[in-house]
Amino acid sequence: QVQLVESGGGSVQAGGSLRLSCAAPKATYSFRCMGWFRQAPGKEREGVAATYTGGGGTTYYADSVKGRFTISQDNAKNTLYLQMNSLKPEDTAMYYCALESFRGRYCSGVLRSADVGYWGQGTQVTVSS
């Protein structure tokens, strides 16, 4: 069972910042599309950002977070990050990191749930107005 270990969620006021982290086993992390999803109560899970862990690929963002969120990676630590700035109450959700099922395939956009092979346990982000 592959474990993706997330950390960094919490509660902030609108306009604040948080950074999420997601560590994966090296054998699973390498050369995959990896990204973040979020799910608010009563809503579907949506892709937020994605990047290719093998380098050289394009990063992708949902329109709702462009210019405010930044996805990055530290391949030496097999860790993915999501820096979230200018947070809004509508960003409140459970955030999940995810790895695509197939290795060696560049991201073509934010991940779709159907393409995910491995999920993190989720970390709660709450933004108050």
Side-chain angles (χ1 to χ4, degrees):
Q1 184 77 10
V2 174
Q3 282 193 310
L4 306 184
V5 181
E6 300 178 35
S7 60
S11 297
V12 295
Q13 290 191 324
S17 298
L18 285 172
R19 188 175 82 154
L20 307 182
S21 300
C22 176
K26 181 177 178 61
T28 308
Y29 171 90
S30 302
F31 301 106
R32 290 184 195 264
C33 183
M34 189 171 184
W36 295 91
F37 285 77
R38 67 184 181 186
Q39 187 167 22
K43 295 190 176 181
E44 291 188 359
R45 192 171 294 191
E46 62 171 348
V48 173
T51 190
Y52 182 64
T53 63
T58 302
T59 56
Y60 295 91
Y61 297 94
D63 288 343
S64 57
V65 306
K66 279 181 184 175
R68 300 188 298 121
F69 291 11
T70 303
I71 190 170
S72 63
Q73 61 204 77
D74 184 338
N75 289 347
K77 297 181 179 179
N78 310 320
T79 300
L80 186 75
Y81 301 98
L82 186 68
Q83 177 68 43
M84 305 184 294
N85 298 328
S86 303
L87 283 161
K88 304 176 181 180
E90 52 263 43
D91 295 318
T92 296
M94 186 72 79
Y95 283 71
Y96 300 89
C97 68
L99 277 167
E100 190 178 26
S101 298
F102 297 104
R103 171 172 278 125
R105 188 165 73 180
Y106 286 109
C107 302
S108 58
V110 295
L111 282 168
R112 301 176 303 164
S113 294
D115 294 331
V116 173
Y118 309 96
W119 290 99
Q121 80 280 7
T123 185
Q124 179 67 37
V125 171
T126 302
V127 185
S128 58
S129 57

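These values consider heavy atoms only, across backbone and side chains, with no hydrogens, waters or symmetry-generated copies.
When the side chains of ILVMFWY residues are joined at heavy-atom separations under 4.5 Å, either directly or via intervening members, L18 and L82 end up in a single hydrophobic cluster. Clustering ILVMFWY residues whenever any of their side-chain heavy atoms sit less than 4.5 angstrom apart, transitively, puts V48 in the very cluster that holds V127. Connection of Y60 to W36 is not established within any shared hydrophobic cluster, with ILVMFWY side chains joined at heavy-atom distances below 4.5 Å, either directly or through further cluster members.
A donor-acceptor pair is defined here as one N or O able to donate and one able to accept, closer than 3.5 Å; no such pair exists between the side chain of R45 and the backbone of Q39. Side-chain atoms of T126 do not come within 3.5 Å of backbone N or O of S11 as any donor-acceptor pair. Using a distance-only test at 3.5 Å, with no hydrogens or angles considered, a donor-acceptor pair links the side chain of Q121 to the main chain of E6. Of the possible donor and acceptor atoms, none in the side chain of T123 sits under 3.5 Å from a partner among the backbone N and O of Y95. T79 places no side-chain N or O within donor-acceptor distance of the main-chain N or O of A23, the cut-off being under 3.5 Å.
Between C22 and M34, the closest side-chain pair of non-hydrogen atoms falls below 4.5 Å. Residues Y106 and T58 are not in side-chain contact: their nearest non-hydrogen atoms beyond the backbone lie 4.5 Å or more apart. Using a 4.5 Å cut-off on side-chain heavy atoms (C-beta onward), M84 and V125 make contact. Taking the side chain as every heavy atom from C-beta outward, S17 and Q83 approach each other to under 4.5 Å. Counting only heavy atoms from C-beta outward, the side chains of S64 and R38 approach each other to under 4.5 Å.
Residues Y118 and L4 approach most closely at O-CD1, 3.5 Å, considering heavy atoms. Minimum interatomic distance between T53 and N75 (heavy atoms only, all atoms of both residues): O-ND2, 3.1 Å. Of all heavy-atom pairs between F31 and G54, the closest is CD2-CA, 3.7 Å. Of all heavy-atom pairs spanning P25 and N78, the tightest one is C-ND2, 4.5 Å. Closest heavy-atom contact between G109 and A50: O-CB, 3.7 Å. Y52 approaches G57 most closely through the heavy-atom pair CB-CA, 4.3 Å.
The line from OG of S113 to CD of E46 is 10.0 Å long, rounded to the nearest 0.5 Å. The distance from atom OG of S72 to atom CG of L80, rounded to the nearest 0.5 Å, is 7.0 Å. Distance check: R68 CZ to S86 OG gives 7.0 Å after rounding to the nearest 0.5 Å. Atom-to-atom distance recorded for R19:CZ and T70:OG1 is 11.5 Å, nearest 0.5 angstrom. Rounded to the nearest 0.5 angstrom, L20 CG and F69 CZ are separated by 8.0 Å.
Counting heavy atoms of neighbouring residues, nucleotides and ligands inside a 6.0 Å radius, atom CD of Q3 does not exceed 12 of them.
Other residues sharing the hydrophobic cluster of Y96, ordered by chain and number and joined by side-chain separations under 4.5 Å: F37, M94, L111, V116, W119.
The pair K66-D63 counts as a salt bridge, with a side-chain nitrogen and a carboxylate oxygen less than 4.0 angstrom apart.
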